[in-house]
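What follows is a short report on a single structure.
One-based numbering along the sequence shown. FYI, side chains are in, hydrogens and waters are out, and symmetry mates aren't considered; it's all heavy atoms of this structure. Predicted model only: the values in this text are computed from it and were never measured.
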Amino acid sequence: MVTASTSLLFTGPKTLAFQRPGGVIHADSRRSIATATSRVTLRKSNSSSSFFASATAAAPQAPVDTEERKENEKFIEEMVVLPTNESSEKLLCIRHTCAHVMAMAVQKLFPNSKVTIGPWIDNGFYYDFDMEPLTDRDLKRIKKEMDRIIKRNLPLLKEEVSREEAQNRISAINEPYKLEILESIKQDSITIYHIGDEWWDLCAGPHVDSTGHINAKAVELESVAGAYWRGDESRQMLQRIYGTAWETEEQLIAYLKFKEEAKRRDHRRLGQDLDLFSIQEDAGGGLVFWHPKGAIVRHIIEDSWKKIHLHHGYELLYTPHVAKADLWRVSGHLDFYKENMYDQMNIEDELYQLRPMNCPYHILVYKHKLHSYRDFPIRVAELGTVYRYELSGSLHGLFRVRGFTQDDAHIFCLDDQIKDEIRGVLDLTQEILLQFGFRKYEINLSTRPEKFVGSDEIWEKATIALRDALGDKGWDYQVDEGGGAFYGPKIDLKIEDALGRKWQCSTVQVDFNLPQRFDITYVDSDAEKRRPILIHRAILGSLERFFGVLIEHYAGDFPLWISPIQARLLPVTDSEVNYCKKVVSELKSAGIRAELSHGERLPKLIRNAEKQKIPLMAVVGPKEVESQTVTVRSRYSGELGTMTVDEFIARVRSAVERKTCW
């Protein structure tokens, strides 16, 4: 875990300083809820009179004098430490055994059901069954039966049998899915786990010693979902029951509270409530429509991204969304990535393909002219939209879509430039993520797998360069030995959000494969042709997914500099409307995103602005019109007093320029 500072801060009347919880996020629709790693502490702010509080040194702000703020503070104060499967082997065993207990309970209540697989997952367990659709009432019946099995304190017994014996036993109880699983097991000795002498399953373990080691009050069945057998949509649709399990009832209660908080921050709900984006089923699933407010945020992100990249020596590209199928054959995508690509299009007897990645396009730009060793490094970047096939059941808001824009970049460099270029990418990554308030990262370095392309020497050199770059940053990291792609080592960076959940965003990948496939070269100092090193690099990942993360990180309460509407003018009566229109015009001319809201009583106008999470409200009554001023109210700091329009503009522009919250 990397931290850019020792704490994250909430500003306002109090400053909350706390270490964030940790957790894991899945790409599918059941993202896990974060688990806390430390308690929260409160302290008085030393700068409560300060007009501004740094957003890049701050966590998402809570609105002033609202129920939402009280809920936020109560949630943080009551946060408790929760173990993970990695930190507690006991918890992992409990969850695995719960999956077996649940399967046993289901087959007692539904004798015709067929079992498939039932693993532990980050916050609990699940099991897939071939059976009739289940209802919430069925879940309650299953949980009661689980409680009875737990109370009986039945032993978990391990048995090893031959493949033939396992096959005979499975055939005897007519479990066809288990036969298919048995066929996929390589070893001859097959492990079976029994619950007492009443139920058994193919399983390698581990488990608790007996069902009595499970606290029934710390177990809850959460939901039922459809799942295709083996993830193949041409196979049988199964009933997947999800459950959560913990060591104590207190842990379960804390998890459920965390789950509720995550639900409150769900980007799909907030996206609709704040009118940021939509998925239009008439157009097709997984295709994102950016509404005006969401589009403004995207524009700000893109504009900032481009300016920073130009400052760091990158050149910007724009490339087509389609290309001849032959291009993807040369790149290898048709051989290794075809299942994620859409069908080809026949255009004038030539086959074309929607692009799933931007890499081949950038290589073609490189190949457009000859290069000398003096030209390196060459850095090119593009906000390139790509299209990847996803099953409809796996689509999830902005997190799993079929068309998305990557902040893609490629660096062409010499062998001895790898370290400096990787370090430059890490510096750039930190600079960009910091401006959005992300200061905690989890870093993984993946090294050479068994099968690879390129020489041992260049792999060693590249891996050392990645290690040294991380060392120069002073970042702690985990090594995934053998976990690299076959074409080069890589660094993955996960950001941690306000709830402690981790999101895979940034990747730096050395590639020895594509330069060879496309036969890209340069002329060295001896006038000989050499092959350059290629580095793939993404920082935000995809704009769609990153926007979803931002929405949930800030619970829709965006910092002032990226808020779609920064200020709303609220007249006390209709008599002040014309003056408010004049002020709105002045604010817009100064580059401030402002709007006017009227036609309701002032308290309702303020409530509406709070619901829409408008950072600044400028209230205008007769006195303000007479003095040509506005009275400003901030979601973060409450009443800020009366000031001239010029002063208001100056302070907003200063806060935006410094990316601070008012």
Side-chain angles (χ1 to χ4, degrees), residues 21-24 30 32-37 80-110 113 115-129 138-161 169 178 181 190-224 240-259:
V24 178
R30 295 196 79 261
S32 70
I33 306 301
T35 51
T37 56
V80 299
V81 175
L82 291 176
T84 66
N85 293 331
E86 292 73 26
S87 67
S88 172
E89 185 177 355
K90 175 184 176 183
L91 179 60
L92 186 150
C93 292
I94 287 172
R95 288 171 171 171
H96 196 188
T97 304
C98 279
H100 282 222
V101 170
M102 180 174 70
M104 178 177 172
V106 168
Q107 292 201 303
K108 276 181 173 291
L109 297 172
F110 304 91
S113 61
V115 291
T116 61
I117 58 171
W120 69 84
I121 54 178
D122 289 309
N123 294 311
F125 57 93
Y126 73 79
Y127 213 112
D128 288 348
F129 303 91
D138 292 328
L139 289 188
K140 292 178 181 178
R141 291 176 60 205
I142 295 168
K143 177 58 168 63
K144 287 183 179 179
E145 183 61 34
M146 289 178 67
D147 292 347
R148 284 191 282 268
I149 295 170
I150 291 170
K151 188 175 181 180
R152 292 170 62 192
N153 196 23
L154 298 172
L156 273 290
L157 303 173
K158 180 180 178 180
E159 181 186 12
E160 291 189 6
V161 299
R169 291 191 191 184
K178 290 299 179 184
I181 292 172
I190 306 301
T191 305
I192 289 174
Y193 268 88
H194 299 260
I195 299 181
D197 58 0
E198 300 178 30
W199 191 88
W200 60 270
D201 197 358
L202 295 176
C203 184
H207 288 281
V208 296
D209 292 335
S210 68
T211 60
H213 284 76
I214 300 170
N215 184 342
K217 292 184 178 180
V219 179
E220 182 169 299
L221 299 186
E222 297 186 282
S223 62
V224 180
R240 175 172 294 179
I241 303 177
Y242 285 102
T244 187
W246 300 88
E247 297 170 350
T248 66
E249 185 179 3
E250 290 75 21
Q251 290 175 2
L252 173 62
I253 292 171
Y255 163 77
L256 294 176
K257 287 183 178 180
F258 219 107
K259 186 178 174 182

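- Looking at heavy atoms from C-beta onward, L154 lies in side-chain contact with M104 at the 4.5 angstrom threshold.
- Considering only heavy atoms from C-beta on, T97 stays 4.5 Å or farther from Y193 through its side chain.
- Considering F125, W199, W120, W200 in turn, W199 is the only one that fulfils the ring pair (Phe, Tyr, Trp, His ring centres under 6.0 Å) rule with H100.
- For the atom pair NZ of K144 and CG of L221, the computed distance is 12.5 Å after rounding to the nearest 0.5 Å.
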> Would T84 and L91 count as a side-chain contact (heavy atoms from CB on, under 4.5 Å) if you check the C-alpha gap in whole Å, the side-chain angles of each, and the deciding distance to 0.1 Å?
Replying inline: CA-CA 7 Å; T84 66; L91 179 60; 5.8 Å; no

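- Counting heavy atoms from C-beta outward, C203 and H96 have side chains that approach closer than 4.5 Å.
- For the residue pair A99 and Y126, the shortest heavy atom distance occurs at CB-O, 4.1 Å.
- When atom types are taken as modelled, the side chain of D209 and the backbone of P155 share no donor-acceptor pair closer than 3.5 angstrom.
- Between the side chain of R95 and the backbone N or O of D122, at least one donor-acceptor pair lies under 3.5 Å.
- A heavy-atom distance below 4.5 Å is not found between the side chains of K108 and R148.
- Interatomic distance, CZ of R141 versus CZ of F110, reported as 4.5 Å (0.5 Å rounding).
- Smallest separation of non-hydrogen atoms from V219 and C98: CG2-SG, 3.8 Å.
- Rounding to the nearest 0.5 Å gives a distance of 5.0 Å between OG1 of T244 and CD of E222.
- Under a cut-off of 6.0 angstrom, the local environment of CD in E89 is sparse, with at most 12 non-hydrogen atoms contributed by other residues, nucleotides or ligands.
- Side-chain contact check for T191 versus K158: some heavy-atom pair is nearer than 4.5 Å.
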> Can you check side-chain contact (heavy atoms from CB on, under 4.5 Å) on I195 and L156, steps first, answer last?
Replying inline: CA-CA 5 Å; I195 299 181; L156 273 290; 3.8 Å; yes

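- Considering all non-hydrogen atoms of both residues, A254 and L82 come closest at CB-CD2, 4.1 Å.
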> Is there a side-chain contact (heavy atoms from CB on, under 4.5 Å) between L252 and K217 once you walk through the steps?
Replying inline: CA-CA 8 Å; L252 173 62; K217 292 184 178 180; over 6 Å; no

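- A heavy-atom distance below 4.5 Å is found between the side chains of L256 and E220.
- Between W246 and Y255, the ring planes lie tilted relative to each other; the angle falls in the 30° to 60° range.
- To the nearest 0.5 Å, atom OG of residue S113 and atom CG of residue D128 are 12.5 Å apart.
- Residues F258 and N123 are not in side-chain contact: their nearest non-hydrogen atoms beyond the backbone lie 4.5 Å or more apart.
- Under 3.5 Å, the side chains of S210 and N153 contain a donor-acceptor pair of N or O atoms.
- Residues E247 and N215 approach most closely at O-CB, 3.9 Å, considering heavy atoms.
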> Could you walk me through whether T211 and M146 pass the side-chain contact (heavy atoms from CB on, under 4.5 Å) check?
Replying inline: CA-CA 10 Å; T211 60; M146 289 178 67; over 6 Å; no

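- Taking all atoms of both residues into account, the shortest heavy-atom contact from I94 to A245 is CG2-CB, 4.2 Å.
- Atom-to-atom distance recorded for I117:CD1 and D201:CG is 10.5 Å, nearest 0.5 angstrom.
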>> Using salt bridge (charged side-chain N to carboxylate O under 4.0 Å, His left out), reason through D147 and K143 one step at a time and then give a plain yes or no.
In response: CA-CA 6 Å; D147 292 347; K143 177 58 168 63; 2.7 Å; yes

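- Listed here is the closest heavy atom pair of T116 and F129: OG1-N, 4.3 Å.
- With a 4.5 Å cut-off on side-chain heavy atoms, Q107 and V115 count as touching.
- Of the inter-residue distances, the one linking L157 atom CG with I192 atom CD1 reads 12.0 Å to the nearest 0.5 angstrom.
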